[in-house]
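Computed from heavy atoms alone, side chains included, the values below leave out hydrogens, waters and symmetry copies. Sequential numbering from 1 along the given sequence is applied to the chain's residues.
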Amino acid sequence: MRGYRQLFRTPEFTPLFLASSANVMAQTVGGLALGVLVFRATDSPLLSALSMFGQSLPQVLGATFLLSGADRLPPRAALTGVSVVLAAGTAVLALPALPVWAVFAVLLGQGLAASLGGGVRWGLVNEILSKDGYLLGRSVFNMMAGVVQILGFATGGVLVAVLSPRVSLLLAAALYGVAAVVVRLCLTPRPPRATGRPSVSATWRANVLLWSSPPRRRVYLALWIPNGLVVGCESLFVPYAPEAAGTLFACAALGMLAGDVLVGRLVPPRLRPRLGFPLLLLLAVPYVPFLLRPPLPLAVAAVTLASVGFGASLVQQERLVALTPEGLTGHALGLHSSGMLTMQGVAAVLAGSVAQLTSPALAMTAMAVASAAVTLALTAAGRRERRREQRATTPVPEQ
């Protein structure tokens with residue numbers, strides 16, 4: 001598949017793309033509104049970060065108990081149901097005087113639903129597109145997420161300032177509802193990709209199989225940990241610069257968009273595998289100077305540059321699809337999505353805790369240093385394994 005025009009001519013790709021856009025817009029607007037709402041009520045960087053990214057934490061439970069449904073449920077019905085659950089939960093979050101504990105209970109339910117939706121969605125993308133079209137298609141989804149997040153954070157910032165966080169949450173609920181309608185009316189019913197009923201045992205068997213391969217395991221860790229720790233930096237934008245948080249989030253989305261265009265469209269396929277390590281380092285390094293609390297223009301530039309590094313995930317996803325057995329594609333991509341989002345939630349909690357004890361600036365620097373350290377460790381482990389494989393396959397000269 002050579003270009004974007006051919007991509008959007010593929011049947012069912014466009015409605016799935018539009019429904020996903022509505023979901024991302026809803027998540028962006030609703031997340032910013034909820035983070036501001038909780039920060040105003042509690043004055044806590046930890047709870048603010050956790051409210052914005054707390055929906056990610058239950059993803060580990062979904063990956064443990066529900067993920068076999070990614071290949072064993074009809075995609076259209078599953079995606080419609082997930083959007084309906086997210087719409088209902090977001091509407092509940094907009095209720096006045098909702099206690100903080102109830103906010104996190106709702107986020108728990110939403111996170112469980114979203115963990116299943118990720119596997120279904122990316123498995124369907126892989127099914128709709130040809131084999132050589134997955135990376136281009138996924139890059140377009142990532143680019144869409146960048147553009148929509150820019151618009152969403154800008155719009156959400158205006159709505160929160162001019163109206164209220166609760167109005168923004170109601171708008172987010174309506175957008176989830178739009179996504180459900182688009183999926184239900186515009187996608188054709190497809191049978192599940194795998195036979196059998198979804199179950200905890202089937203989920204565990206597939207997880208064990210996927211995790212048993214050292215190359216796949218290393219790809220998963222590279223997809224989950226370095227960028228999760230950098231999202232921990234992003235989770236502190238509200239306490240770090242309350243009046244400019246929307247700008248920082250929008251610039252992070254702009255950088256992510258640039259990275260996806262670079263990797264998905266401009267870099268030749270033969271060069272992509274070489275970009276994984278430098279892009280992962282780029283994710284972290286620009287956040288290190290935040291310890292010095294740079295002025296806002298420099299902070300904006302650093303955030304934008306760092307987010308270009310999110311393009312590394314495209315390189316790693318292409319590698320993951322190549323390493324995954326045919327009948328487990330949806331499950332494997334769902335495990336990637338759930339693990340990544342879980343790590344983002346864990347990192348938000350960790351960053352918020354460090355910020356609570358020290359300061360948001362120090363916490364952001366600590367998360368960036370940890371991200372860079374993990375990237376270096378994974379790269380070194382990969383090189384050692386390649387050297388062992390080369391020694392094992394090199395013939396011993398005859399005496």
**Prompt:** Under the side-chain contact (heavy atoms from CB on, under 4.5 Å) criterion, do Arg274 and Val315 qualify, and how do the steps go?
**Reply:** CA-CA 9 Å; Arg274 303 179 187 178; Val315 179; over 6 Å; no
**Request:** Show the numbers, then the answer: is there a side-chain contact (heavy atoms from CB on, under 4.5 Å) between Ile225 and Thr375?
**Result:** CA-CA 8 Å; Ile225 301 177; Thr375 295; over 6 Å; no
**Prompt:** For His336, does its backbone N or O pair with a side-chain atom of Trp224 as donor and acceptor, under 3.5 Å?
**Reply:** yes
**Message:** Has Arg217 got a side-chain atom pairing as donor or acceptor with Trp211's backbone, closer than 3.5 angstrom?
**Reply:** yes
**Message:** With heavy-atom distances below 4.5 Å as the criterion, would you say the side chains of Leu283 and Phe310 are in contact?
**Reply:** yes
**Asked** If only atom types and distance count, is the side chain of Gln316 paired as donor or acceptor with the main-chain N or O of Val219 below 3.5 Å?
**Response** no
**Asked** Sub-3.5 Å donor-acceptor pair from the side chain of Tyr176 to the main-chain atoms of Val82, do we have one?
**Response** no
**Prompt:** Side chain of Ser371, backbone of Pro226: donor and acceptor closer than 3.5 Å?
**Reply:** yes
**Partner of Val103 by side-chain contact (heavy atoms from CB on, under 4.5 Å), out of Leu37, Leu34, Val92** = Leu34
**Request:** Check whether any side-chain heavy atom of Pro215 sits under 4.5 Å from a side-chain heavy atom of Arg319, and report yes or no.
**Result:** yes
**Item:** Check: Tyr287 and Glu234 side chains under 4.5 Å, non-hydrogen atoms
**Value:** yes
**Request:** Find the distance between CD1 (Ile128) and CG (Leu187) and round it off to the nearest 0.5 Å.
**Result:** 6.5 Å
**Message:** With rounding to the nearest 0.5 angstrom, report the CD to CG distance, Glu12 to Leu129.
**Reply:** 10.5 Å
**Atom pair CG/CG of Leu376 and Leu280 - distance to nearest 0.5 Å** = 10.0 Å
**Arg121 vs Asn23 side-chain heavy atoms within contact, under 4.5 Å** = yes
**Asked** If you group Ile, Leu, Val, Met, Phe, Trp and Tyr by side-chain heavy-atom gaps below 4.5 Å, do Leu93 and Val100 land in one group?
**Response** yes
**Prompt:** Within the side chain of Arg216, is there an N or O that forms a donor-acceptor pair under 3.5 Å with the backbone of Leu323?
**Reply:** yes
**Fill in**
To the nearest 0.5 Å, atom CD of Glu318 lies from atom OG of Ser313 at 11.5 Å
**Item:** Reported CE-to-CG distance for the pair Met367 and Leu362, which is rounded to 0.5 angstrom
**Value:** 11.5 Å
**Prompt:** Are Leu47 and Phe104 close enough that some pair of their side-chain heavy atoms sits under 4.5 Å apart?
**Reply:** yes
**Request:** Measure the shortest side-chain to side-chain distance between Val303 and Phe237 over non-hydrogen atoms and say whether it is less than 4.5 angstrom.
**Result:** yes
**Verify same cluster id: Leu18, Val125 (apolar side-chain graph, 4.5 Å)** = yes
**Message:** Could you check whether atom CZ of Arg166 has more than 12 heavy atoms from other residues, nucleotides or ligands sitting under 6.0 Å from it?
**Reply:** yes
**Prompt:** For the residue pair Val354 and Thr358, what are the closest heavy atoms and their distance?
**Reply:** O-OG1, 2.6 Å
**Prompt:** Between Thr365 and Leu291, is there a donor-acceptor pair closer than 3.5 Å when you use the side chain of the first and the backbone of the second?
**Reply:** yes
**Prompt:** Do you know which two heavy atoms are closest between Val263 and Gly311, and how far apart they sit?
**Reply:** CG2-O, 3.7 Å
**Request:** Please check if the side chain of Ser307 supplies one atom and the backbone of Met256 the other of a donor-acceptor pair under 3.5 Å.
**Result:** no
**Item:** Verify same cluster id: Val230, Val288 (apolar side-chain graph, 4.5 Å)
**Value:** no
**Item:** Ala87 to Gly177 - nearest heavy-atom pair and separation
**Value:** CB-N, 3.9 Å
**Request:** Determine, stepwise, if the pair Gln110 / Leu86 fulfils side-chain contact (heavy atoms from CB on, under 4.5 Å).
**Result:** CA-CA 6 Å; Gln110 288 183 310; Leu86 294 175; 3.7 Å; yes
**Asked** So do Phe249 and Val238 actually touch side chain to side chain, heavy atoms under 4.5 Å?
**Response** yes
**Whether Thr10 side chain and Phe13 backbone form a donor-acceptor pair below 3.5 Å** = no
**Message:** Looking at every non-hydrogen atom in both residues, tell me the closest pair between Leu320 and Ala332 and how far apart they are.
**Reply:** CD2-O, 4.0 Å
**Request:** Would you check if there is a donor-acceptor pair between the side chains of Ser235 and Gln344 at a distance under 3.5 Å?
**Result:** no
**Request:** Can you tell me which residue pairs pass the ring-ring contact (aromatic ring centres under 6.0 Å, His included) test with a partner in residues 17-37, sequence neighbours excluded?
**Result:** Phe8-Phe17, Phe17-Phe141
**Request:** May I have the step-by-step check of side-chain contact (heavy atoms from CB on, under 4.5 Å) for Tyr240 and Arg293, ending in yes or no?
**Result:** CA-CA 9 Å; Tyr240 177 81; Arg293 293 197 62 88; 3.4 Å; yes
**Request:** Measure across Met25 and Leu175 and return the closest heavy-atom pair with its distance rounded to 0.1 Å.
**Result:** CG-CD1, 3.3 Å
**Request:** Would you check if Val374 and Leu221 make a side-chain contact, meaning some heavy-atom pair closer than 4.5 Å?
**Result:** no
**Complete:** The reported gap from CG in Leu257 to CE in Met144 (rounded to nearest 0.5 angstrom) is 11.5 Å
**Item:** Atom of Ala363, atom of Ala351 and distance for their closest heavy-atom approach
**Value:** CB-O, 3.6 Å
**Leu79 with Val85, same ILVMFWY side-chain cluster at under 4.5 Å** = no
**Item:** Donor-acceptor under 3.5 Å (Thr80 side chain, Arg76 main chain)
**Value:** yes
**Asked** What about Val285 and Phe290, same hydrophobic cluster or not, with Ile/Leu/Val/Met/Phe/Trp/Tyr joined at side-chain heavy-atom distances under 4.5 Å?
**Response** no
